[in-house]
Structure formats: C-alpha cells, structure tokens
Amino acid sequence: MSHDHYLDNYLHDILTGVRTIAVIGASPRPQRPSHRVMHYLQRHGYRAIPVNPNACDGDILGQRCYAGLAAVPEPVDMVDVFRRSEFARAAVDDAIAAGAKVVWMQLGVRDDKAAARAEAAGLKVVMNRCPAIEIPRLGLGEPEHPR
C-alpha cells in the first residue's frame with residue numbers, strides 16, 4: 001500500500017471500526033497536541049488510553065496512564081503514535097505484540113519499514129495523519145475547537 005495518499009473509505013473504515021485507542025506519548029499537559037487529540041477522541045466516543053513512561057504516575061484526562069503498551073490490561077484496537085519517527089518501529093512492534101488492528105502515526109511521523117512490518121503482521125497502517133483532523137473531514141464528528 002502507498003502511504004503517500006489514503007482513500008477516504010480506508011480511513012473511514014478504520015475510524016468507525018475501532019473503539020479503544022492507546023495514545024503512545026500522551027501528555028498530561030493540556031497545551032500538547034497529544035493531550036488535545038486524546039481529549040478529542042474521548043469526546044467522540046473512543047476509549048483513549050494514555051501510554052507514556054514519563055507520565056505514568058497519575059491519570060491523564062481521567063484515564064490511568066501506563067508506562068508501556070504491554071502494561072495496558074485490555075485489548076487495544078488502534079495505537080496512535082505521538083513519538084518521533086525514529087521511535088515508530090518500537091511502537092509498531094509493541095502494537096503487533098498487543099494484537100492491535102491499526103497503527104496510526106501522527107502528523108510528521110513516518111517509518112516505511114515499520115509500516116511494512118505492521119502490514120506483514122496484518123495491521124492497517126496510517127502515517128503522517130491526525131484522527132482529530134480526519135474525523136471531521138470525513139463527516140464523523142465535529143471539528144476540534146481551539147482553546
């Protein structure tokens with residue numbers, strides 16, 4: 001699959017087919033994009049689980065934060081990666097091990113080799129996109145309002 005362009009129905013099927021999303025790199029700081037996107041996902045009916053080893057001593061947006069994806073005690077449909085591209089491979093490996101169906105790499109995050117590994121393991125992959133942008137663009141929810 002080419003990751004330079006995604007068909008709308010591919011993104012639509014992913015966003016309507018997942019319910020539980022692990023947000024890798026979720027931040028407790030409201031000004032951070034990962035915090036805003038996690039909040040957006042929650043407001044649109046997704047169960048968003050924060051994963052961040054530097055913030056796992058508390059909750060983020062009312063959800064317990066986990067140090068790693070392996071520590072999440074429930075199945076995860078999608079892994080949303082808010083880490084630099086050089087860390088995408090580890091996130092993909094964790095997503096494969098966790099049995100996720102989708103790896104979604106945020107804006108600016110791209111690793112074609114990691115994407116190929118995920119696809120070879122049967123996962124769908126999206127790179128360099130944001131679900132908080134795609135959800136309203138596809139007519140699945142309201143746009144995010146700046147704070």
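Along the sequence shown, the residues carry numbers beginning at 1. Computed from a prediction, not measured in an experiment: that's the story for all the values here. Just so it is clear, the values below take in all heavy atoms, side chains as well, and ignore hydrogens, waters and symmetry mates.
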field: Heavy-atom closest pair, residues Tyr10 and Val126
entry: CE2-CG2, 3.9 Å

- line: Separation between CG (Asn9) and CG (Leu138), nearest 0.5 Å, reads 9.5 Å

Show me, pair by pair, the donor-acceptor contacts under 3.5 angstrom made by side chains of residues 85-108, not counting sequence neighbours?
from, atom 1, to, atom 2, distance (Å)
Ser85, OG, Gly108, O, 3.4
Ser85, OG, Arg110, N, 2.9
Ser85, OG, Arg110, O, 3.3
Glu86, OE2, Arg84, NE, 2.7
Glu86, OE2, Arg84, NH2, 3.4
Asp93, OD1, Arg117, NE, 3.2
Asp93, OD1, Arg117, NH2, 2.4
Asp93, OD2, Arg117, NH2, 3.3
Trp104, NE1, Arg129, O, 2.7
Gln106, NE2, Asp80, OD1, 2.8
Gln106, NE2, Asp80, OD2, 3.1

message: If we ignore hydrogens and angles and just use 3.5 Å, is the side chain of Glu134 paired with the main-chain N or O of Leu11 as donor and acceptor?
response: no

field: Heavy-atom check, side chain of Asn52 versus side chain of Pro50, under 4.5 Å
entry: no

message: If the condition is side chain to side chain contact (heavy atoms under 4.5 Å, CB included), which residues does Pro75 pass it with, not counting sequence neighbours?
response: none

message: Testing the basics here: between Gly141 and Tyr40, what is the closest heavy-atom pair and its distance to 0.1 Å?
response: C-OH, 4.1 Å

message: Quick check: closest heavy atoms across Ala114 and Asp111, and the distance to 0.1 Å?
response: N-OD1, 2.9 Å

task: Could you tell me which residues satisfy side chain to side chain contact (heavy atoms under 4.5 Å, CB included) with Pro33, sequence neighbours excluded, listed by chain and number?
output: Arg36, Phe82

message: According to side chain to side chain donor-acceptor pair (under 3.5 Å), does anything in residues 54-74 pair up with another residue at least two apart or in another chain? List the pairs.
response: Arg47-Gln63, Arg47-Glu74

Name the atoms and distances for all side-chain donor-acceptor pairs under 3.5 Å in residues 13-28, with sequence neighbours left out.
from, atom 1, to, atom 2, distance (Å)
Thr16, OG1, His12, O, 2.8
Ser27, OG, Arg29, N, 3.0

message: Just to verify, what does Arg83 make a side-chain hydrogen bond (donor to acceptor under 3.5 Å, both in side chains) with, not counting sequence neighbours?
response: none

message: Nearest 0.5 Å, please: how far is NE2 in His44 from CD1 in Ile135?
response: 6.5 Å

Worked verdict on Tyr6 versus His3 for side-chain contact (heavy atoms from CB on, under 4.5 Å): CA-CA 7 Å; Tyr6 298 100; His3 291 285; 2.8 Å; yes

message: Pair His35, Met38 - check side-chain contact (heavy atoms from CB on, under 4.5 Å), show working.
response: CA-CA 5 Å; His35 187 94; Met38 182 176 159; 5.9 Å; no

message: Please determine whether side-chain contact (heavy atoms from CB on, under 4.5 Å) holds for the pair Met78 and Lys124, giving the CA-CA distance in whole Å, both sets of side-chain angles, and the decisive distance to 0.1 Å.
response: CA-CA 9 Å; Met78 183 170 103; Lys124 292 184 178 181; over 6 Å; no

